[in-house]
Amino acid sequence: MKTVLVTGGAGFIGSNFVHYLLENRNDLHVVVLDKLTYAGNLKNLSRWEKDSRFSFEKGDIAEKNDVLAVFQKYSIDWIAHFAAESHVDRSILGPEEFVRTNVVGTFVLLETARTTWNQNFEGKRFLHVSTDEVYGTLGESGFFTEETPYAPNSPYSASKAGSDHLVRSYFHTYGMPVVTTNCSNNYGPFHFPEKLIPLMILNCLHGKNLPVYGDGKNIRDWLFVKDHCSAIALALEKGRAGETYAVGTRNEKNNLEIVETICKIMDEHFPEKAPHSKLIQFVKDRPGHDFRYAIDPSKIEKELGWKPVYSFEKAIRDTIQWYLENEDWWKEILSGKYQEYYSSQYDTGK
Ligand code: NAD
Ligand code: DAU
């Protein structure tokens with residue numbers, strides 16, 4: 001039985017990854033370390049509460065003592081590192097926490113692993129979950145690959161770039177078996193409603209404006225979170241040490257297309273409120289807004305045999321269905337602190 005430490009396992013992708021591991025493997029003990037920031041939610045993991053293969057530890061990856069305590073309590077074999085401040089708009093409003101968690105936190109985790117493992121890395125793995133945003137922006141053509149030079153444009157992506165460089169250095173300097181994945185925009189269940197897709201679904205439900213930044217022509221390459229989880233599991237176990245893998249499903253859409261797709265599906269669910277597209281409102285653009293992200297995933301496909309299995313057309317419907325069926329989950333989030341963030345970001349009290 002191997003013990004896998006999942007940092008940030010109470011967040012969106014981390015919790016989907018915990019579900020993926022525990023649903024698909026019987027040979028793993030999953031230990032989640034999470035600070036439970038505004039984005040972390042224990043409810044995301046509640047179905048595993050009584051499962052002996054699952055443990056939860058509340059702690060901050062940027063606090064040495066918190067991380068060390070986990071390494072002393074469990075014999076950690078593999079690490080899947082998701083914990084981060086992840087929202088670009090919040091990094092523009094307040095970058096400090098991004099540097100603390102994403103850069104310092106990743107360093108503390110690497111250093112605690114290196115010293116606890118005593119530089120004996122036999123059977124050990126450190127998988128760092130990063131983003132395609134570290135590569136900056138693309139024009140109308142071309143794709144990000146593992147060879148694309150780093151050019152981050154937001155405090156969020158700069159902090160993730162910093163963490164990627166630290167991870168790389170632990171391979172080259174200490175021989176730690178690290179693997180980094182750089183993926184495109186995820187969507188799916190448990191996605192915090194500050195991000196484009198869940199925000200638009202919930203605003204449609206509440207008859208609120210759908211705030212599209214700029215002209216809505218910015219392009220993202222949407223990856224269903226369950227496909228991302230299978231890629232991470234593969235890279236964690238089989239990825240070559242010191243390598244990076246770009247993860248995406250060749251699914252480019254501009255933001256307006258995404259919002260209009262959500263509106264059409266919401267029209268089917270609630271014909272009496274159609275057309276939801278009347279709620280679309282173009283608002284001021286995000287500063288430093290990257291124009292286009294697009295991933296060439298050939299390396300992970302060829303080298304590790306990764307195959308995504310979800311189509312966008314079905315997965316976006318399933319995602320909307322999940323939000324319709326999980327009102328208790330998002331109702332709690334939409335109250336309190338989230339409203340303060342929403343008002344400061346969108347300049348509205350609504
Ligand atoms: P999220 O914001 O939903 O969750 C982050 C989790 O990390 C939360 O549970 C939070 O409580 C925890 N956390 C934050 N600071 C912490 C700290 N100091 N110590 C311990 N835990 C802490 O993020 P997400 O969307 O699930 O993203 C997960 C990872 O994937 C991040 O590293 C992010 O950069 C990366 N990523 C996300 C996307 C995406 O589309 N969401 C795409 C590419 C890469
Ligand atoms: O590319 C991977 C990245 O994807 C991850 O590293 C980040 O953690 C994740 O948050 C995501 O970043 P984005 O900035 O691309 O995601 P977001 O959902 O915030 O925005 C997607 C696009 O939609 C972007 O072009 C901005 C736009 N947008 C977003 C919001 C929240 C709007 O037009 N209106 C909005 O209200």
Side-chain angles (χ1 to χ4, degrees), residues 6-17 32-42 44-45 57-63 66-67 70 80-92 97-98 100-102 104-106 108-109 128-135 137 144 152 154 156-157 159-160 163-164 181-188 190-200 203 209-223 225 228 232 247-248 253-256 258-259 280-286 288-295 342 345-346:
V6 180
T7 71
F12 163 46
I13 309 176
S15 61
N16 275 284
F17 185 66
V32 169
L33 169 63
D34 199 295
K35 185 179 173 184
L36 299 180
T37 65
Y38 78 92
N41 187 347
L42 267 183
N44 298 0
L45 299 168
E57 301 291 335
K58 185 170 189 297
D60 182 342
I61 56 160
E63 287 294 334
D66 288 5
V67 180
V70 171
H81 176 35
F82 295 86
E85 287 293 334
S86 69
H87 191 35
V88 173
D89 293 326
R90 286 188 192 252
S91 82
I92 296 166
E97 204 52 30
F98 286 72
R100 188 180 172 277
T101 288
N102 300 359
V104 178
T106 300
V108 169
L109 196 62
H128 175 56
V129 180
S130 192
T131 171
D132 58 0
E133 296 201 14
V134 297
Y135 304 123
T137 186
F144 294 138
S154 72
Y156 162 69
S157 52
S159 67
K160 290 296 288 187
S163 67
D164 292 11
T181 52
N182 295 85
C183 72
S184 55
N185 289 59
N186 284 221
Y187 66 102
F190 303 109
H191 204 180
F192 195 85
E194 65 192 352
K195 308 280 169 67
L196 181 74
I197 287 183
L199 180 93
M200 296 300 162
N203 279 16
N209 287 338
L210 307 177
V212 173
Y213 298 162
D215 59 6
K217 298 280 167 57
N218 299 63
I219 294 167
R220 297 292 182 265
D221 186 355
W222 293 94
L223 164 65
V225 67
H228 185 202
I232 293 172
V247 185
K253 310 262 179 229
N254 75 38
N255 294 338
L256 202 51
I258 290 286
V259 177
I280 292 174
Q281 187 187 35
F282 292 94
V283 299
K284 80 172 179 313
D285 209 352
R286 171 186 281 173
H289 196 177
D290 288 333
F291 171 62
R292 173 171 168 258
Y293 304 146
I295 293 262
Y342 196 88
Q345 174 61 21
Y346 296 100

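We use all heavy atoms of the structure for the numbers below, so side chains are in, but hydrogens, waters and symmetry mates are not. Start at 1 and go down the list; that is how both ligands and their atoms are numbered.
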What residue and heavy atom of the protein are closest to [atom], and at what distance?
{"atom": "atom 27 (C) of ligand 2", "result": "Asn255 ND2, 3.4 Å"}
{"atom": "atom 29 (C) of ligand 2", "result": "Tyr213 CE1, 3.5 Å"}
{"atom": "atom 11 (C) of ligand 2", "result": "Asn185 ND2, 3.4 Å"}
{"atom": "atom 19 (O) of ligand 2", "result": "Arg286 NH2, 2.9 Å"}
{"atom": "atom 34 (N) of ligand 2", "result": "Pro211 O, 2.8 Å"}
{"atom": "atom 1 (O) of ligand 2", "result": "Asp132 OD1, 2.5 Å"}
{"atom": "atom 18 (O) of ligand 2", "result": "Leu196 N, 2.8 Å"}
{"atom": "atom 8 (O) of ligand 2", "result": "Ser86 O, 2.7 Å"}

Open item on the list: Quick check for you: to the nearest 0.5 Å, what is the distance between Lys217 atom NZ and His289 atom NE2?
Closed with: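 It is 13.0 Å, given to the nearest 0.5 Å.
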TODO: Measure the CD1-CD1 distance between Ile13 and Ile232 for me, rounded to the nearest 0.5 Å.
DONE: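 So the gap between those two atoms works out to 6.5 Å.
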Below 3.5 angstrom, do we get any N/O pair linking [X] and ligand 2?
{"X": "Trp222", "result": "no"}
{"X": "His289", "result": "yes"}
{"X": "Arg220", "result": "yes"}
{"X": "Asn218", "result": "no"}
{"X": "Ser184", "result": "no"}
{"X": "Tyr293", "result": "no"}

Task: For the student: nearest non-hydrogen atoms of Tyr156 and Ser91, plus distance - done: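 Taking Tyr156 first and Ser91 second, the nearest heavy atoms are N-OG, 3.1 Å.
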TODO: Please report the closest heavy-atom contact between Ala84 and Thr101, naming both atoms and the distance.
DONE: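 Heavy atoms only, the tightest pair is CA-CG2, 3.7 Å.
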Task: Close approach of Gln345 to ligand 2, heavy atoms, under 4.0 angstrom - done: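 Gln345 does not count as a contact of ligand 2 under the 4.0 Å cut-off.
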Open item on the list: Check whether Thr7 reaches the backbone of Phe82 with its side chain - one donor and one acceptor, N or O, closer than 3.5 Å.
Closed with: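 Answer holds: yes.
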Open item on the list: Would the distance check show the side chain of Asn209 and the main-chain N or O of Pro211 forming a donor-acceptor pair, the cut-off being under 3.5 Å?
Closed with: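 Side chain of Asn209 to backbone of Pro211: no pair is present.
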TODO: Could you tell me whether the side chains of Asn102 and Ser159 share a donor-acceptor contact shorter than 3.5 Å?
DONE: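 Ser159 and Asn102 do have a side-chain donor-acceptor pair below 3.5 Å.
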TODO: Determine whether the side chains of Asp164 and Asn182 contain a donor N or O and an acceptor N or O closer than 3.5 Å.
DONE: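 Side-chain D/A pair, Asp164 to Asn182: present.
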Task: Geometric cation-pi criterion, Arg220 with Tyr187: 6.0 Å, 45° - done: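 No, Arg220 and Tyr187 do not form such a contact.
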TODO: From the options Glu133, Arg90, Lys195, select the one whose nearest heavy atom is closest to atom 13 (P) of ligand 2.
DONE: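 Shortest heavy-atom distance from atom 13 (P) of ligand 2: Glu133.
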TODO: Indicate the ring-plane relationship of Tyr38 and Phe192, choosing parallel, tilted or perpendicular according to the 30° and 60° boundaries.
DONE: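 Tyr38 and Phe192: perpendicular rings.
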Check ligand 1 for N or O atoms under 3.5 Å from a protein N or O and list each pair with its distance.
unit_1: ligand 1; atom_1: 2 (O); unit_2: Ser86; atom_2: OG; d: 2.7
unit_1: ligand 1; atom_1: 3 (O); unit_2: Phe12; atom_2: N; d: 3.1
unit_1: ligand 1; atom_1: 9 (O); unit_2: Gly11; atom_2: N; d: 2.9
unit_1: ligand 1; atom_1: 9 (O); unit_2: Asp34; atom_2: OD1; d: 3.2
unit_1: ligand 1; atom_1: 9 (O); unit_2: Asp34; atom_2: OD2; d: 2.6
unit_1: ligand 1; atom_1: 11 (O); unit_2: Asp34; atom_2: OD1; d: 2.6
unit_1: ligand 1; atom_1: 11 (O); unit_2: Leu36; atom_2: N; d: 3.4
unit_1: ligand 1; atom_1: 11 (O); unit_2: Thr37; atom_2: N; d: 3.0
unit_1: ligand 1; atom_1: 11 (O); unit_2: Thr37; atom_2: OG1; d: 3.1
unit_1: ligand 1; atom_1: 18 (N); unit_2: Asp60; atom_2: OD1; d: 2.9
unit_1: ligand 1; atom_1: 18 (N); unit_2: Thr101; atom_2: OG1; d: 3.0
unit_1: ligand 1; atom_1: 19 (N); unit_2: Ile61; atom_2: N; d: 2.9
unit_1: ligand 1; atom_1: 21 (N); unit_2: Lys35; atom_2: N; d: 3.0
unit_1: ligand 1; atom_1: 23 (O); unit_2: Ser86; atom_2: OG; d: 3.3
unit_1: ligand 1; atom_1: 26 (O); unit_2: Phe12; atom_2: N; d: 3.3
unit_1: ligand 1; atom_1: 26 (O); unit_2: Ile13; atom_2: N; d: 2.7
unit_1: ligand 1; atom_1: 32 (O); unit_2: Phe82; atom_2: O; d: 2.9
unit_1: ligand 1; atom_1: 32 (O); unit_2: Lys160; atom_2: NZ; d: 2.6
unit_1: ligand 1; atom_1: 34 (O); unit_2: Tyr156; atom_2: OH; d: 2.6
unit_1: ligand 1; atom_1: 34 (O); unit_2: Lys160; atom_2: NZ; d: 3.1
unit_1: ligand 1; atom_1: 40 (O); unit_2: Asn186; atom_2: N; d: 2.9

TODO: Please identify which atoms of ligand 2 are closer than 4.0 Å to at least one heavy atom of Thr131.
DONE: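 Once the distances to Thr131 are compared, the set is 1 (O), 2 (C), 3 (C), 5 (C), 6 (O).
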Open item on the list: Closer than 4.0 Å to some heavy atom of Val212 - which atoms of ligand 2 meet that?
Closed with: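 It comes down to these atoms of ligand 2: 33 (O).
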Task: Electrostatic pair Arg90:Glu85 at N-O distance under 4.0 angstrom - done: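 Judged by the 4.0 Å cut-off on N to carboxylate O distance, Arg90 and Glu85 do not form a salt bridge.
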